[in-house]
Amino acid sequence: MDRKVRVRFAPSPTGGLHIGGVRTALYNYLIAKKYNGTMILRIEDTDQTRYVEGAEEYIREALEWIGITLDESPWHGGEYAPYRQSERKAIYKKYVEQLIKEGHAYYAFDTEEEWDKKRKELEAAGVVSPQYNSITRMQMKNSLTLSEEEVKAKLTSGEPYVVRLKVPRKEDIRVQDMIRGWVVFHSSLLDDKVLLKSDGMPTYHLANVVDDYLMEISHVIRGEEWLPSAPIHILLYKYFGWEQEMPQFAHLPLILNPDGNGKLSKRYADQLGFPVFPLQWKNPEKNETMAGYREEGYLPEAMVNFLVLLGWNAGTEQEIFSIQELTNLFSIERIGKSGTKFDINKAKWFNQQYLKGKSNEELTQLFIIDLNKKGIALSQDKAEKIVSILKERVTFVKDFMTEGHYLFHAPTIFDEQVASKKWNQQVVDVLLAYKNIIQSLDKELDAHTAKELLNQITDQLSIKFGSIMQGVRLAITGGGAGADLMEIIAFLGEKEVSERIDYAITHLKVV
RNA sequence: GCACCGUUCGUCUAGGGGUUAGGACGCAUCCCUUUCACGGAUGAAACACGGGUUCGAUUCCCGUACGGUGUACCA
């Protein structure tokens, strides 16, 4: 790559940024970093009817959370500013006029009703998908069919119009895609796309090409849903005379619903209970709140790792990658061609891996932050102990609380299955003796001591240690499974343990 | 409908004219363990189908099927 690498992520501020968009941003970012290039964020807000308040801020926060830093953006500025298409309106106007003058675009004055009528006529005549194209445009009201005077008159009278691209009738348009190779489209299947809307705003096609050119974008890395409109873009580059500056294209495989039934959708994800948004998204218009990965407890580095592998692989057996490693290893050549079904289990696994990779100190900090959010206060010391007891068994930070509920609250209900099998007079005898012994203890009740004392009792009573363990666990935690019981006892301390023993003995019936 | 893209275990994927088709998630079994988890070991599990080309095809070509995307004054 001899050209300076400049890539852009260009979302529309129409709502929360979809997780697929986050992956696209990530791929762009990795390419920028790999080649020491520039990562640009451009806001494509040309559809004013779909603009959603707060969406821009959301995009910014989401990228920040995931760890994507921007070199140029509406918020950081840059020498190619402005980076918001709505603020570049005048620029497009100029270029569209060039196209018209050179005969590659034309004014169209048809109203929606007129085109609708024409479409119905065509349908009635057996045309399957009527298009405003090289044939039909000659039957419509536009600067190709109207006289120069008529056009001028309409323009000066302020009659609304759009500008359409004059797509050639018969021409092969070849798109070179870095992932798919050459893809050929025939121009007869393309319609005369609107370039400039009647409100004076450009459509995606125009704005995109003009901006990519002006911003000297070297690679356009975007979702596969854009592949069908790539020939329109190619045509525009050609008509503008920018073929030499045309970026290289890479159309990414789509992220699909878990059963492969369409693009990953919010509705589907809701049904299966996982988010499609990186951050929680509160739609200001509909007053609804959508779940986000951050709030669900996913670590950003785990999400990066999970997302990058949705459509790319290093070709080795490595699967845990730091962002630095990805920066070196990532390559467009190793991006796959086929759609990728979303598997939330894999995301969970990555999260667990990253959680385990953190030091106890880091985890303690995260744990305390999580507790604070829930309005629970806990000493640093206790939090750290809980972390060390539970570290190997959690997938999310929030699991420290749920998995370790027995460290926070004494059980009030007991697992009936365990009780019916493991609760007996022997256990009660042991517990009573144990309570006595720990209450009169003159040293600290650590895990080692807790076990030693319990062993003493079982030895004295000639009981097998294993036979009463589940019963003891039941009394102290309310259940039959969990972390190392001796660690739990040490954590709770003799007073709490004694109270739990009393409670269990009075509330559980010996059978 | 039409155009385009795609198709290796359930999922993410490696591979590529001759392989015991490899790994990971998930699943199962076993080991470790006071239990559960972690960890370790093992196992079940895939080249969509049909034609070519070839000594040989999962790999190359063609077709079919299936899936996806697009077909807006949305991006």
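Given the structure is predicted, the values throughout are model-derived calculations rather than measurements. Below, read A as the first sequence line, B as the second, and so on, with proteins coming before strands; counting in each chain starts at 1. Reckoned from all heavy atoms, side chains included, excluding hydrogens, waters and symmetry mates.
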**Q.** Rounded distance in Å - CZ (A/F185) to C1' (B/rU71)
**A.** 12 Å

Short N/O separations, protein against nucleotides 72-75 of chain B, under 3.5 angstrom:
from: B/rC73; atom 1: O2; to: A/S198; atom 2: N; distance (Å): 2.8
from: B/rC73; atom 1: O2; to: A/S198; atom 2: OG; distance (Å): 2.8
from: B/rC73; atom 1: N3; to: A/S198; atom 2: OG; distance (Å): 3.1
from: B/rC74; atom 1: OP2; to: A/K197; atom 2: NZ; distance (Å): 3.0
from: B/rC74; atom 1: O2'; to: A/D47; atom 2: OD2; distance (Å): 3.3
from: B/rC74; atom 1: O2'; to: A/R50; atom 2: NE; distance (Å): 3.2
from: B/rC74; atom 1: O2'; to: A/R50; atom 2: NH2; distance (Å): 3.0
from: B/rA75; atom 1: OP1; to: A/T46; atom 2: OG1; distance (Å): 2.8
from: B/rA75; atom 1: OP1; to: A/K197; atom 2: NZ; distance (Å): 2.6
from: B/rA75; atom 1: OP2; to: A/Y204; atom 2: N; distance (Å): 3.2
from: B/rA75; atom 1: O3'; to: A/S12; atom 2: OG; distance (Å): 3.0
from: B/rA75; atom 1: O3'; to: A/E44; atom 2: OE1; distance (Å): 3.2
from: B/rA75; atom 1: O2'; to: A/S12; atom 2: OG; distance (Å): 2.7

Q) When the ring planes of A/F249 and A/H251 are compared, do they come out parallel, tilted or perpendicular, using 30° and 60° as the limits? A) parallel

**Q.** Test ring pair (Phe, Tyr, Trp, His ring centres under 6.0 Å) applied to A/F274 and A/Y268, A/Y298, A/F342, the passing residue
**A.** A/F342

Q) For the pair made of CG in A/L190 and P in B/rU71, what is the distance, rounded to whole Å? A) 11 Å

Q: Return the value, rounded to whole Å, for the distance between atom NE2 of A/H186 and atom P of B/rC5.
A: 15 Å

(Q) Salt bridge or not between A/K120 and A/E123? Use side-chain N to carboxylate O under 4.0 Å. (A) no

Q | Pair assignment for B/rC4, Watson-Crick or G-U wobble, requiring both distances under 3.5 Å | A | B/rG68

(Q) Can you measure A/K337 atom NZ to B/rG67 atom P for me and round it to whole angstrom units? (A) 22 Å

Q | salt bridge (Lys or Arg N to Asp or Glu O under 4.0 Å), paired with A/D192, selected from A/R164, A/R169, A/R137 | A | A/R137

Q. What integer distance in Å separates A/L256:CG from B/rG10:P?
A. 17 Å

(Q) For the P atoms, the ones on B/rU42 and on B/rG50, what distance do you get once it is rounded to whole angstrom? (A) 35 Å

Q) Are A/K118 and A/D116 within salt-bridge range, i.e. N to O under 4.0 Å? A) no

**Q.** cation_pi(A/R334, A/F330) dist<6.0 Å, angle<=45
**A.** no

Q: State, to 0.1 Å, how close A/S265 and A/V276 come at their nearest heavy-atom pair, and which atoms those are.
A: O-CG1, 3.8 Å

Q: With the side chain counted from C-beta on, respond yes when A/L17 and A/F9 share a heavy-atom pair under 4.5 Å apart, and no when they do not.
A: yes

Q. Tell me: NZ of A/K346 to P of B/rU11, nearest whole Å?
A. 12 Å

Q. Which nucleotide sits closest to the side chain of A/N345: B/rG26, B/rG1, B/rU35?
A. B/rG26

Q. Think A/N313 has a side-chain N or O under 4.0 angstrom from the OP1 or OP2 of B/rA14?
A. yes

(Q) Measuring to OP1 and OP2 of B/rG68, would you say a side-chain N or O of A/N261 lies under 4.0 angstrom away? (A) yes

**Q.** Value in whole Å for how far the C1' atom of B/rC5 lies from CH2 of A/W182
**A.** 17 Å

Q. Looking at the side chain of A/P228, which of B/rG70, B/rA3, B/rU34 is the nearest nucleotide?
A. B/rG70

Q | Interatomic distance where CZ belongs to A/F350 and C1' belongs to B/rG23 [whole Å] | A | 12 Å

Pairs under 3.5 angstrom, nitrogen or oxygen only, protein versus nucleotides 37-46 of chain B, please.
from: B/rA37; atom 1: N3; to: A/R393; atom 2: NH1; distance (Å): 3.4
from: B/rC38; atom 1: O4'; to: A/E392; atom 2: O; distance (Å): 3.3
from: B/rC38; atom 1: O3'; to: A/K356; atom 2: NZ; distance (Å): 2.8
from: B/rC38; atom 1: O2'; to: A/E392; atom 2: OE1; distance (Å): 2.5
from: B/rG39; atom 1: OP1; to: A/K356; atom 2: NZ; distance (Å): 2.9

Q. Reckon A/K263 touches a base, only the sugar-phosphate, or nothing at all at heavy-atom distances under 4.0 Å?
A. sugar-phosphate

